[in-house]
Structures are given as structure tokens and as C-alpha cells.
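Beneath this line is the structure, given in C-alpha cells, with notes to follow.
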Amino acid sequence: NGSAAAMNQAEKIRSINSPGWDGVDATVTPLRLRDADITRSLNTSFHRCFGTEDGQKVLAHLRHVTLEQPAWVPGADPSFGYAREGQNSLVREIEQRIRRANEPE
């Protein structure tokens, strides 16, 4: 059925446009979180975890060794830059979830 295929494609497009890692769809079953309550709860957990003094130290360290370092330098293999950007995206995900936990509903 053509409309079912179009609906499936539309769902895939929505899934990859979801914010952060929620939009990753590496398998047939989307990895994104569909339930807003679960997402809020997860964001709150990130906020509580990284809101502590130790959590702030860990996040500062992760930021220093990822986002504050070059993702690629001339002469390096391009795959190095891809891997480094993957590391950077994890730190961005943590920071984004902390920000979302602080946003009013």
C-alpha cells in the first residue's frame, strides 16, 4: 500500500528530526523516546546527576577533553574528526538535557 509506505517514511523523517540522541534511528525500532513524561524524567535525572558538585567537575572535565579541543587538525585522517565529533555530541547531549530540565513546562 502506497499510503502506508508514505506514512512509514514520514515517521522516519520525524524520528531523525527529534532533538538530540532521541532522533537516532539505527534499527527498525526507533531509539527515540516517545513518551514526554519519560523524556522529562530523563532530563531531570541528567540535571540531578550533573547538578552536584562532583557532577559539575565531571561535566567540566568532559567539556575540556572534548568540546574545548580541536575535533580535527590538518594532516590527520578525516575519520579522526568524525570520531571526535561523536564524543562532542555526547557532551552536548548532556548539556542539552540539563537545560531542558530547567525549562518551564
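Throughout, residue positions are numbered sequentially from 1 according to the sequence presented.
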* **Nearest-0.5 Å distance, CG of residue N43 to CD1 of residue I38** => 12.0 Å
* Can you tell me how far the SG atom of C49 sits from the CZ atom of R97, to the nearest 0.5 Å? -> 13.0 Å
* Side-chain donor-acceptor pair under 3.5 Å between R99 and Q96, yes or no? -> no
* **Transitive ILVMFWY side-chain link V65 to L90, under 4.5 Å** => no
* Salt bridge check: are E85 and R92 linked by an N-O gap of less than 4.0 Å? -> yes
* For the side chain of T44 and the backbone of R40, is there at least one donor-acceptor N/O pair under 3.5 Å apart? -> yes
* Look up atom OG1 in T66 and atom CD in Q87, then write down how far apart they are to the nearest 0.5 Å. => 7.0 Å
* Counting heavy atoms not belonging to E53, are there more than 12 under 6.0 Å from its CD? -> no
* Assess the side chains of S79 and D77: does a donor N or O sit below 3.5 Å from an acceptor N or O? => yes
* From R48 CZ over to I98 CD1, what is the distance, rounded to the nearest 0.5 angstrom? -> 12.5 Å
* Structure fact -> Between A101 and H47 the two heavy atoms that sit nearest each other are CB-CB, 3.6 Å
* Do you know which two heavy atoms are closest between W72 and F80, and how far apart they sit? -> CA-CD2, 4.3 Å
* Are side-chain heavy atoms of V58 and L62 found at a separation under 4.5 Å? -> yes
* Quick one: do Y82 and V91 end up in the same hydrophobic cluster if we chain Ile, Leu, Val, Met, Phe, Trp and Tyr together by side-chain heavy atoms under 4.5 Å apart? -> no
* If every non-hydrogen atom of Q69 is compared with every non-hydrogen atom of H64, which pair is closest and at what distance? -> NE2-O, 3.0 Å
* Asked: What distance do I94 atom CD1 and F50 atom CZ have between them, rounded to the nearest 0.5 Å?
  -> 4.0 Å
* Can you tell me how far CG of L59 sits from OG1 of T52, rounded to the nearest 0.5 angstrom? -> 10.0 Å
